[in-house]
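Here is the structure we will look at.
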Amino acid sequence: MSESIQDKSLQKLTRDFYRQDALSVAPKLLGKLLVKNYNSRILSGMIVEVEAYRGTDDAASHTFNGKTKRNEVMYYEGGYLYVYFTYGMYHCCNVVTGKAGEGEAVLIRALQPVEGAEEMIKNRHLVKSADERMKNISNGPGKLCIALGIDRKHNGISLLGDKIYMTEYRNIKSENIITTERIGISKSKHLLWRFYIKDNEFLSR
DNA sequence: AGGGTGATATACT
DNA sequence: GTATATCACCCTT
């Protein structure tokens, strides 16, 4: 208890939080910290952009056509990481939400680096020259996975453990949360299931 | 605007 | 089994 000045802002998100519906969780994830233990160092970033994906009513969701080997983690109860490989070279990182069997998740689309930016730049093979490049570290779903070193090994990992987890960080006022159509999909485009922090510099677009 | 890259799903022999 | 289309992306022109 010696150094236990409990910083409320860094409290881990709970199972109850993740067990809510994807559409409830998605906007609430904005301003939270995604934390990764990386070679006993901490890499972290504030979530600034997300998209919700939900099984039955969302043709763009991996779970729209039922369970497969690839998407089975999405059917876990909320609080697990769903990581999939796409376009031959990238990974995308999702937070499973809802109750077991529902097949929902929230895609993390962009982070604002908080801790370990130097390491992230190395992971991304960027040259730290200008602030311009800093914005390029984790402003996209594929990029943030490279920056944090997230790949298929992390598929199905619990967010209540110590390898990867999320904590409280900043409170984002509702008037600073923008809602739009999702990016990069062709089906169910009309659904306004993308959420991002207004005027943040680290958005994917 | 187009190419790179490979897993996955679907549609065929 | 094999063939083809698609894909929740990123980078370069």
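Here is how names work: the chains are called A, B, and so on, in the same order as the sequence lines, proteins then strands, and each is numbered from 1.
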For this session: In whole angstrom, give the distance that lies between atom CD1 of A:Ile150 and atom C1' of C:dC9.
Result: 16 Å
Exercise. So what's the dot-bracket for DNA chain C: Watson-Crick or G-U pairs under 3.5 Å, [ ] if a pair crosses, | if it pairs off-strand?
Worked result: |||||||.||||.
Problem set entry | A:Tyr84 (side chain) and C:dA8 (base): donor-acceptor pair under 3.5 Å | yes
Exercise. Do the side-chain N or O atoms of A:Arg124 get closer than 4.0 angstrom to the phosphate oxygens (OP1, OP2) of C:dC11?
Worked result: yes
Exercise. How close or far is atom P of B:dA9 from atom CD of A:Glu72, stated in whole angstroms?
Worked result: 12 Å
Exercise. Do the numbers put A:Lys135 on top of the ring of A:Phe202, so that NZ or CZ is under 6.0 Å from the six-membered ring centre and no more than 45° off the axis?
Worked result: no
Exercise. Does a side-chain N-to-carboxylate-O contact under 4.0 Å join A:Glu181 and A:Lys189?
Worked result: no
Exercise. When the distance from CG of A:Asn65 to P of C:dC7 is rounded to whole Å, what number comes out?
Worked result: 12 Å
For this session: Using a cut-off of 6.0 Å, state whether more than 12 heavy atoms not belonging to A:Arg15 lie near its atom CZ.
Result: yes
For this session: Let me know the distance between CD1 of A:Ile108 and C1' of C:dA8, rounded to the nearest Å.
Result: 12 Å
Problem set entry | Whole angstrom value for the distance that separates P of B:dG6 from NE2 of A:His91 | 12 Å
Exercise. What integer distance in Å separates A:Tyr90:OH from C:dC11:P?
Worked result: 5 Å
For this session: Using a strict 4.0 Å threshold on nitrogen-to-oxygen distance, state whether A:Asp58 and A:Lys187 make a salt bridge.
Result: no
Seminar exercise, completed: Closest of B:dA7, B:dA9, C:dA8 to the A:Arg109 side chain is C:dA8
Exercise. Is the shortest side-chain N to carboxylate O distance from A:Lys36 to A:Asp162 below 4.0 Å?
Worked result: no
For this session: Under 4.0 Å between any heavy atoms, over every strand shown, what does A:Lys69 touch: base, sugar-phosphate, or nothing? Just pick one.
Result: nothing
Exercise. C:dC9 base stacked by A:Tyr87? Criteria: ring centres under 5.5 Å, plane angle under 30°.
Worked result: yes
Exercise. Passes salt bridge (Lys or Arg N to Asp or Glu O under 4.0 Å), A:Glu51 versus A:Arg109? Steps please.
Worked result: CA-CA 7 Å; A:Glu51 286 177 0; A:Arg109 285 197 58 89; 3.7 Å; yes
For this session: Check the distance between B:dG4's P and A:Phe85's CZ and give it to me in whole angstrom.
Result: 16 Å
Problem set entry | Within residues 181-205 of chain A, residues whose heavy atoms come under 4.0 Å of DNA chain C | A:Gly184, A:Ile185, A:Ser186
For this session: Starting at atom CZ of A:Arg70, determine the distance to atom P of C:dT6, rounded to an integer number of angstrom.
Result: 15 Å
Exercise. With a distance cut-off below 6.0 Å to the six-membered ring centre and an angular limit of 45° from the axis, does A:Arg70 pair with A:Tyr84 as a cation-pi contact?
Worked result: yes
Exercise. Is NZ or CZ of A:Lys32 both nearer than 6.0 Å to the six-membered ring centre of A:Tyr169 and within 45° of the ring axis?
Worked result: no
Exercise. Under 4.0 Å between a Lys/Arg side-chain N and an Asp/Glu carboxylate O for A:Lys99 and A:Glu77?
Worked result: no
